[in-house]
Participant: 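To start, I am sharing the structure in question, which I have written as structure tokens.
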Amino acid sequence: MDLEKAMDLIWENRKYQTTDPKEAVSHLNEEVAESLKALLRNEIDKAKRELEDALSCMFIALRVLGIKPEEAVMRQVAQMKQRHEKKMIFKKDKVVIYVNGVEKGGWSIWSEEDIKEAEKIAKEFGCNIYYE
């Protein structure tokens, strides 16, 4: 079954009527939250059921927002394929951050503590670290 047909079936059989995007996304959020709560209680089967309910809510929210599911999947795949290479380069007296080869910012380094803090930040954000 293709995604558009699946979305049509869900739309035709939905339990609530809405054209409000906030309401549709709120329903989606509730189902995802319930799935997470069930997982935290180690209730795997309930978590799966709630996640399946969330899938229905996702299709309803997509419809309400006018998003074609196949196009959304293709955009997501293209976005996931893009490599976001993040570099943090430690120079003599400063740190510079690059994303995909473009300088995005930096700051001065005054002490060993500054270096340690910058290294910590680099790890948090998944930057490759280079020293010059």
Side-chain angles (χ1 to χ4, degrees):
M1 173 182 305
D2 72 4
L3 291 175
E4 193 74 40
K5 187 173 183 177
M7 188 163 82
D8 290 342
L9 281 170
I10 296 294
W11 184 258
E12 291 165 12
N13 293 289
R14 68 194 184 280
K15 292 179 181 174
Y16 62 94
Q17 304 289 323
T18 187
T19 56
D20 179 16
K22 288 180 257 183
E23 183 180 356
V25 173
S26 178
H27 280 282
L28 170 61
N29 186 50
E30 287 174 25
E31 296 299 339
V32 172
E34 289 301 318
S35 180
L36 178 58
K37 285 189 234 176
L39 279 174
L40 293 172
R41 291 187 305 265
N42 208 26
E43 298 172 347
I44 305 303
D45 289 336
K46 182 173 183 183
K48 288 177 182 180
R49 286 191 307 274
E50 295 292 348
L51 201 54
E52 288 173 357
D53 289 345
L55 179 62
S56 294
C57 292
M58 174 67 78
F59 281 128
I60 292 166
L62 289 171
R63 171 66 67 93
V64 169
L65 287 164
I67 299 171
K68 294 189 179 292
E70 281 116 359
E71 291 174 9
V73 168
M74 296 312 295
R75 282 191 297 271
Q76 285 300 303
V77 169
Q79 183 178 334
M80 293 166 113
K81 285 182 177 179
Q82 287 180 349
R83 296 252 174 210
H84 294 291
E85 184 184 22
K86 296 177 256 181
K87 294 181 185 178
M88 184 177 283
I89 300 176
F90 288 79
K91 299 186 178 192
K92 181 180 173 187
D93 59 351
K94 67 180 181 176
V95 172
V96 182
I97 299 172
Y98 292 88
V99 177
N100 294 331
V102 177
E103 185 176 335
K104 294 293 184 175
W107 60 91
S108 297
I109 296 175
W110 298 99
S111 67
E112 278 296 316
E113 185 62 32
D114 290 343
I115 293 171
K116 288 179 184 175
E117 191 63 30
E119 289 170 337
K120 181 179 170 186
I121 291 168
K123 288 177 186 170
E124 281 181 34
F125 289 97
C127 296
N128 295 317
I129 299 174
Y130 299 93
Y131 299 91
E132 287 185 354

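In this text, all values refer to a predicted model and were calculated from it rather than measured experimentally. Residue numbers start at 1 and run along the sequence shown.
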Participant: Should we say atom CD of E124 is surrounded by more than 12 heavy atoms from elsewhere, each under 6.0 Å from it?
Facilitator: yes
Participant: Would you say V77 and L62 are hydrophobically clustered, going by side-chain heavy atoms of ILVMFWY under 4.5 Å?
Facilitator: yes
Participant: Test side chain to side chain contact (heavy atoms under 4.5 Å, CB included) on D114 and E117; report intermediate values, then the result.
Facilitator: CA-CA 5 Å; D114 290 343; E117 191 63 30; 5.8 Å; no
Participant: If hydrophobic clusters are built from ILVMFWY residues whose side chains come within less than 4.5 Å, do I115 and Y98 share one?
Facilitator: no
Participant: Mind checking whether V32 and Y16 sit in one hydrophobic cluster, side chains of I, L, V, M, F, W, Y counted as touching below 4.5 Å?
Facilitator: yes
Participant: Is any side-chain heavy atom of L39 closer than 4.5 Å to a side-chain heavy atom of I44?
Facilitator: yes
Participant: Check the surroundings of atom CE in M58: do more than 12 heavy atoms from other residues, nucleotides or ligands lie under 6.0 Å from it?
Facilitator: no
Participant: Would you compute the distance between atom NZ of K87 and atom CD1 of I97 and round it to the nearest 0.5 angstrom?
Facilitator: 13.5 Å
Participant: Counting only heavy atoms not in Y130, do more than 12 sit closer than 6.0 Å to its OH atom?
Facilitator: yes
Participant: Is the shortest heavy-atom distance from the side chain of K37 to the side chain of R41 under 4.5 Å?
Facilitator: yes
Participant: If Ile, Leu, Val, Met, Phe, Trp and Tyr residues are connected whenever their side-chain heavy atoms lie under 4.5 Å apart, and connections chain through other members, are V96 and F125 in the same group?
Facilitator: no
Participant: Once you round to the nearest 0.5 Å, how far does CD1 of I60 lie from NE2 of H27?
Facilitator: 8.0 Å
Participant: Search all heavy atoms of A61 against all heavy atoms of A24 and return the closest pair with its distance.
Facilitator: CA-CB, 3.8 Å
Participant: Measuring from atom CD of E30 to atom CG of D53, what distance do you get when rounded to the nearest 0.5 angstrom?
Facilitator: 11.5 Å
Participant: Less than 4.5 Å apart, any side-chain heavy atom of F59 and any of R14?
Facilitator: no
Participant: Kindly give the heavy-atom pair with the smallest separation between E31 and C57, and that separation in Å.
Facilitator: CG-SG, 3.7 Å
Participant: In terms of hydrophobic clustering (I, L, V, M, F, W, Y; side-chain heavy atoms under 4.5 Å; direct or indirect links), are W107 and I129 co-clustered?
Facilitator: yes
Participant: Quick check: closest heavy atoms across T18 and V64, and the distance to 0.1 Å?
Facilitator: O-CG2, 3.8 Å
Participant: Rounded to the nearest 0.5 Å, what's the gap from CG on L3 to CD on E71? Could you check?
Facilitator: 11.5 Å
Participant: Any chance you could pull the hydrophobic cluster mates of M1, using side-chain heavy atoms under 4.5 angstrom and chaining through other members?
Facilitator: L9
Participant: Return the minimal non-hydrogen interatomic distance between E4 and E70, and the atom names on each side.
Facilitator: N-OE2, 3.4 Å
Participant: Atom CD in E43, atom NZ in K48: separation rounded to 0.5 Å?
Facilitator: 13.5 Å
Participant: Has D93 got a side-chain atom pairing as donor or acceptor with I109's backbone, closer than 3.5 angstrom?
Facilitator: no
Participant: For residues R75 and I67, determine if any side-chain heavy atom of one lies less than 4.5 Å from a side-chain heavy atom of the other.
Facilitator: yes
Participant: Nearest 0.5 Å, what's the OG-CG distance between S35 and L40?
Facilitator: 9.5 Å
